[in-house]
Every structure is written in C-alpha cells, then in structure tokens.
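For the single chain, residues carry numbers from 1 onward in sequence order. What's counted below: heavy atoms across the whole structure, side chains too, no hydrogens, waters or symmetry copies.
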Amino acid sequence: MTNSTIAMQENERILNEELLLAGTDPEMARRLEAHRVTREMDVPQMEFLLRLFGKPILPRGELVAFTGKAKTGKTFILSIIMACCARQEVLAFRRPSPNPIHVLWIDTEQSIQSTKEILTDRIVPLVDMEEFPDSLYDIINIRLESWEERLKLVQGAIGWYRPDLVILDGIADEVANVNDPVESKMAVEKLLKAATIGKCCIACVIHENKSTMDSSLRGWLGTVLTDKAFEVYSTFKDANRVFSLEQRFTRKHDIIDKLYFTVDEHGLPQQVGEPKKVFKKKSKQKPKKDETESKPVAGHETSIDFSGE
C-alpha cells in the first residue's frame, strides 16, 4: 500500500468521524431543521412590486441588477421606476397594486447636487401630481462616506426606513476592490440577507466591464451579483441618443420586448419604437484603378439608420 493511499484513507477516516460528531450535535441539528423545506409548510407567495410590458418584475426579498456601459441610462431607468412607485404607470412600467411603493434611494456615485436635480427635474415631473408625495421617498447621498462605512449605512438605512424598494446606485462603492472574491461575496450576501429580512427588493446598479467586447457585469463583484440576482437588466444608448432597456437574465418571468425611449427638450423620457435598420445595397459599379486604395473593407458596407418610429 502506497503512502498516498494510506494518507487518503486517513483523511477519509477523519472526515467520517467529524460527520458522525456533527450528526450528534444538538445545535447543528437545530440549525438544519430551521432550514428544512417541506410540502406542508406555509410560505407566502412571491410579491412583485412592478410590471414591465405586463410581466412581473422587482420581487420582494431579492436582489435585482441593472447594468450597462457608463452613461447609457441606468440611473435614468431607475428614475422612471421610482416615479412609477407613486404614479400608476410610466412608459412601459406599471404598478399593479393601488398602494404606492415606499422607495429608499441610496446614491453613492453622484454629487448631492446631481441627486437633487434628478429628484426635482425628473422624478417630480414624471410623477406629475398636484402635491408630490415626499413621504414615499427617502433619499440619501453617501458619496463622501468611506467604502468601509457605506455598506453599514445601507444596512442601517434599510432597517430604519423599512422601504419596499431600495435603489442602490451603485453597489461597487460598497467594496474596496470589485475583483476581490471574498469582499464581493460578503457584500452581496449581506445585501441579500437585508432584502430577505427587510422584505424589500434591492435594485443594484453596476457597470459592465469597460471593454466594448465584454458585456459581463464588472469584476468578481459582477459575477457574484449575476449568480445571486433574481433578474438582470441592461441599458444601451445609440449614436442618436435612443436609450434602450432589456432583460438579460431572470429566474422566472421572461420579457422579450425591449423598452426604447428618447429624452425631450424638458429632459423627460418619451417612449419610441425600435429603431429601424436600413441596409444600403452594394454598388455594382467597379472602382477605378485610382480608387482601389479607398475600397470599403468587407463587412462595412452596411449602415444603420437609428431614427425612431
């Protein structure tokens, strides 16, 4: 018998002893029973806060991710969602319940001036009520806090304000390094626990990786969030400033339609149809000899017209 075989058998013996000891530990048994799931247990139905194109989105007790490249409308989309928490319907978003939704918006990225401007110049006009329901919105800006304190403040705010929906813009500011697997896992697990205990949905904003060829969520943090999130949505902005939102991943309700909108002269969104793609035919005329240097590269003959319907 080789030394490696003896070592493997010894490790197996130790593991079996530890399993037997664990099985006789009353505290371990209590913890396991607390997590047992049975057919007879009474579990409340999952509650979704809003609908998008008629499909339920933003479930209580879960994390949802909103991603996209920089400056592609992530905060704009969440402004529309926040407005729909007071108003019954905004663009393709609809609130199925007659009861308004209490929002906690935590801004970690923008200046306090920008946060207030989004509130007064975008959310308030979108709500469009004679008297704006200030009590529905708890808004805090913690950009000046250190990253070590931000996650504690987020947890504390959820416990203090007891919101239905949390807008966390953005989650990357709660860790020192988005590529640290331990920090990333810890942050996401703490947020998931806060959503579960607080019975709220936490919508986390996170950028995509910077490479134009890589649309995955940023860093190890993005990987963990993708694994844990109930839904993932992504934003895009084309050359003509037509914004779009699409569902990338979901655990339950697939949404095929994309939301397209432009911004009017008042800075407010206007829903539009999908931009038309117009393909130009190749020219059959042969190039002259002195034009061969400027011949189009294969695959670049197509141009796209992004004018909305």
Side-chain angles (χ1 to χ4, degrees), residues 49-55 57-58 64-87 89-95 103 105 107-111 114-128 165 167-172 203-218 222 226 229 231-250 254-278 303-309:
L49 299 177
L50 295 181
R51 289 178 177 267
L52 175 60
F53 293 113
K55 297 293 185 68
I57 65 170
L58 305 181
V64 174
F66 286 83
T67 189
K69 300 298 183 187
K71 311 302 186 239
T72 56
K74 296 182 291 296
T75 302
F76 212 127
I77 284 291
L78 290 165
S79 301
I80 297 170
I81 288 174
M82 285 190 275
C84 195
C85 291
R87 186 175 174 178
E89 190 169 358
V90 183
L91 274 64
F93 293 96
R94 186 176 182 279
R95 177 164 47 84
V103 179
W105 175 19
D107 195 344
T108 67
E109 292 190 345
Q110 304 174 107
S111 67
S114 295
T115 304
K116 184 183 177 183
E117 185 177 286
I118 291 171
L119 171 63
T120 57
D121 297 351
R122 190 182 300 165
I123 298 175
V124 171
L126 283 173
V127 170
D128 193 23
L165 174 64
I167 305 296
L168 180 54
D169 190 358
I171 187 176
C204 305
V205 178
I206 184 170
H207 288 201
E208 292 178 357
N209 286 315
K210 292 183 179 180
S211 171
T212 56
M213 304 300 293
D214 186 359
S215 62
S216 56
L217 278 62
R218 186 181 173 201
T226 300
E231 305 164 320
V232 178
Y233 296 88
S234 63
T235 59
F236 179 78
K237 182 177 71 172
D238 70 23
N240 288 333
R241 293 186 60 80
V242 176
F243 296 85
S244 63
L245 173 74
E246 68 173 325
Q247 184 192 73
R248 189 181 295 183
F249 305 114
T250 181
D254 292 309
I255 301 175
I256 299 174
D257 296 311
K258 294 182 182 181
L259 172 64
Y260 297 92
F261 67 94
T262 57
V263 180
D264 65 17
E265 64 274 15
H266 304 294
L268 299 179
Q270 299 293 321
Q271 188 170 344
V272 297
E274 180 179 1
K276 293 180 179 178
K277 297 180 180 179
V278 179
S303 64
I304 301 176
D305 178 10
F306 284 102
S307 57
E309 290 181 352

(message) Could you work out, with side chain to side chain donor-acceptor pair (under 3.5 Å) as the rule, every residue matching Thr226, not counting sequence neighbours?
(response) none
(message) Looking at Ile255, is its backbone amide N or carbonyl O close enough to the side chain of Gln247 to form a donor-acceptor pair, meaning the two atoms are under 3.5 Å apart?
(response) yes
(message) Holding to side chain to side chain donor-acceptor pair (under 3.5 Å), I want the full list of residues that pass it with Ser79, two or more places apart in sequence or in another chain.
(response) Arg122
(message) For Arg94, give me all partners under side chain to side chain donor-acceptor pair (under 3.5 Å), at least two apart in sequence or on another chain.
(response) none
(message) Run the side chain to side chain donor-acceptor pair (under 3.5 Å) test against Thr75 and tell me which residues pass, sequence neighbours left out.
(response) Asp169
(message) Classify the ring geometry of Tyr233 against Phe66: parallel below 30°, tilted from 30° to 60°, perpendicular beyond 60°.
(response) parallel
(request) Taking side chain to side chain contact (heavy atoms under 4.5 Å, CB included) as the test, write out the residues that go with Ala172, two or more places apart. (result) Val178, Arg218, Leu221
(request) Enumerate the residue pairs fulfilling salt bridge (charged side-chain N to carboxylate O under 4.0 Å, His left out) with a member in residues 71-87, sequence neighbours excluded, ordered by first and then second residue. (result) none
(message) Tell me if a side-chain donor or acceptor on Gln271 pairs with a main-chain N or O of Leu259 at a distance below 3.5 Å.
(response) no
(request) State, without any angle test, whether Thr72 and Thr235 hold a side-chain donor-acceptor pair at a distance under 3.5 Å. (result) yes
(message) Given 3.5 Å as the limit, does a donor-acceptor pair link the side chain of Lys237 with the main chain of Val242, or not?
(response) no
(message) According to salt bridge (Lys or Arg N to Asp or Glu O under 4.0 Å), who are the partners of Lys258, at least two apart in sequence or on a separate chain?
(response) Glu246
(message) So, using ring pair (Phe, Tyr, Trp, His ring centres under 6.0 Å) as the criterion, who are the partners of Phe93 when residues are at least two apart?
(response) none
(request) Quick one: list whatever passes side chain to side chain contact (heavy atoms under 4.5 Å, CB included) with Thr120, sequence neighbours left out. (result) Lys116
(message) Tell me if a side-chain donor or acceptor on Asp238 pairs with a main-chain N or O of Asn240 at a distance below 3.5 Å.
(response) yes
(message) Could you work out, with side chain to side chain contact (heavy atoms under 4.5 Å, CB included) as the rule, every residue matching Ser244, not counting sequence neighbours?
(response) Phe236, Tyr260
